[in-house]
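All ligand and atom numbering here is 1-based and tracks the order in the structure. As the structure is a prediction and not an experimental result, all values here were calculated from the model.
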Amino acid sequence: MTTTERPVRRDFAQRLRAETRAEHGRAHAQPYVRALLAGQLGAEDFAMLLAQHYFAYAVLEAAAEHMRSDLVAGPFVSDRLRRLPALEADLQHYFGRGWRRKVAPSAATEEYLARMREICFDWPGGFVAHHYTRYLADLSGGQAIRAIMGRSMDRSDGAGFAFLTFEQIPNGPRFKDAYRTLLDTVGWSAAEEDRIVAEVKRAYAHNTRVLAELSYLLIPRQR
Ligand code: HEM
């Protein structure tokens with residue numbers, strides 16, 4: 001071991017969560033999210049978020065295919081997580097058969113996509129940073145959103161909620177625990193872990209900007 005090397009941590013998942021708590025709080029504080037959690041948003045508002053997610057997942061899941069056989073990133077790739085087909089079904093539900101002509105990435109989403117394209121196909125740790133930020137969000141806050149939107153839209157048949165329904169992951173907490181164990185046991189160097197924490201913060205910032213833009217779109221209708 002050289003003098004610049006430090007021992008590999010075994011509590012990386014915990015560190016990641018602790019060091020990005022402020023960023024999580026900022027995402028949460030966006031008016032769009034607050035209105036959503038208060039049960040004040042309708043189907044049209046929810047569909048706007050799904051449309052932005054569609055573009056993000058198209059890039060993230062293309063990167064997942066690319067990284068599938070990578071020694072470091074590959075173990076994080078799971079078909080059980082795949083969201084793109086679910087997003088397509090939801091968008092068809094909300095916008096109708098011609099949905100592809102009706103949705104477009106916002107300026108904030110374009111920036112998010114550019115960052116993922118820049119790093120997620122070449123840097124395994126960077127891919128994991130973006131993968132973690134989105135899928136753990138969907139398996140955590142996403143489930144709260146599903147319950148709230150399900151109530152306010154009165155949908156008991158699940159139509160329009162495919163994105164937030166992980167049919168192949170019946171036990172979300174157990175899946176997240178296994179994911180955190182994977183984060184802890186990859187054996188990244190301390191320097192690589194620092195880079196990944198920084199990239200997760202960046203992924204949060206992109207998500208927050210997307211939510212801020214959606215918040216802005218809500219304002220005229222709430223006046
Ligand atoms: C919509 C409102 C949100 C709610 C209610 C919410 C709620 C939560 C909760 C309760 C947890 C802890 C879950 C657990 O310990 O198993 C969590 C974790 C997480 N959330 Fe959120 N969240 C929201 C929005 C977001 C957003 C916008 C992002 C970023 C894209 C995000 C990313 C994450 C991540 C990455 C974790 C995992 C943290 C970890 O354990 O390492 N969340 N969220």
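With ligand atoms numbered from 1 in the order given, ligand 1 contributes 13 (C), 14 (C), 16 (O) to contacts under 4.0 Å with heavy atoms of K176. For ligand 1 and N207, the ligand atoms under 4.0 Å from any heavy atom of the residue are 30 (C). Contact atoms of ligand 1 toward Y132: 35 (C), 37 (C), 38 (C), 39 (C), 41 (O) (distance under 4.0 Å to a heavy atom of the residue). Every atom of ligand 1 is numbered from 1 in the order shown, and the set under 4.0 Å from a heavy atom of V33 is 1 (C), 2 (C). Residue R134 approaches ligand 1 through these ligand atoms, each under 4.0 Å from one of its heavy atoms: 30 (C).
Side-chain contact between W123 and E118 is absent, with no heavy atoms from C-beta onward closer than 4.5 Å. Using a 4.5 Å heavy-atom cutoff, the side chains of H28 and L37 are in contact. Put simply, the side chain of I169 does not reach to within 4.5 Å of the side chain of Y135, judged on heavy atoms.
Listed by first and then second residue, the ring-ring contact (aromatic ring centres under 6.0 Å, His included) pairs involving residues 62-86 are H66-F121, F76-Y179 (not counting sequence neighbours).
Checked against I196 for a side-chain contact (heavy atoms from CB on, under 4.5 Å), the options F12, F127, Y132 give a single hit: F12. When R202, R134, Q52, E23 are each tested for a side chain to side chain donor-acceptor pair (under 3.5 Å) with N207, only one passes: R134.
For CD of E65, the number of neighbouring non-hydrogen atoms (other residues, nucleotides, ligands) closer than 6.0 Å is greater than 12. Within a 6.0 Å sphere centred on CZ of R80, other residues, nucleotides and ligands contribute more than 12 heavy atoms.
Under the 4.0 angstrom criterion for non-hydrogen atoms, Q14 is not in contact with ligand 1. Close to ligand 1: L211, with a non-hydrogen atom less than 4.0 angstrom away. Residue contact check for ligand 1: E23 places no non-hydrogen atom closer than 4.0 Å to it.
Both tests do not hold together for R83 against Y54: distance to the six-membered ring centre under 6.0 Å, angle to the ring axis within 45°.
A side-chain N or O of H130 and one of E199 form a donor-acceptor pair less than 3.5 Å apart.
Not one N or O of T133 is nearer than 3.5 Å to an N or O of ligand 1, by distance alone. Checking only distances, R17 does come within under 3.5 Å of ligand 1, N or O to N or O.
Counting only distances under 2.8 Å, and ignoring water, the protein N, O or S atoms around atom 21 (Fe) of ligand 1 are H24 NE2.
Interatomic distance, L217 CG to E44 CD, rounded to the nearest 0.5 Å: 10.5 Å.
When distances from atom 10 (C) of ligand 1 to the protein are checked, no heavy atom turns up under 4.0 Å.
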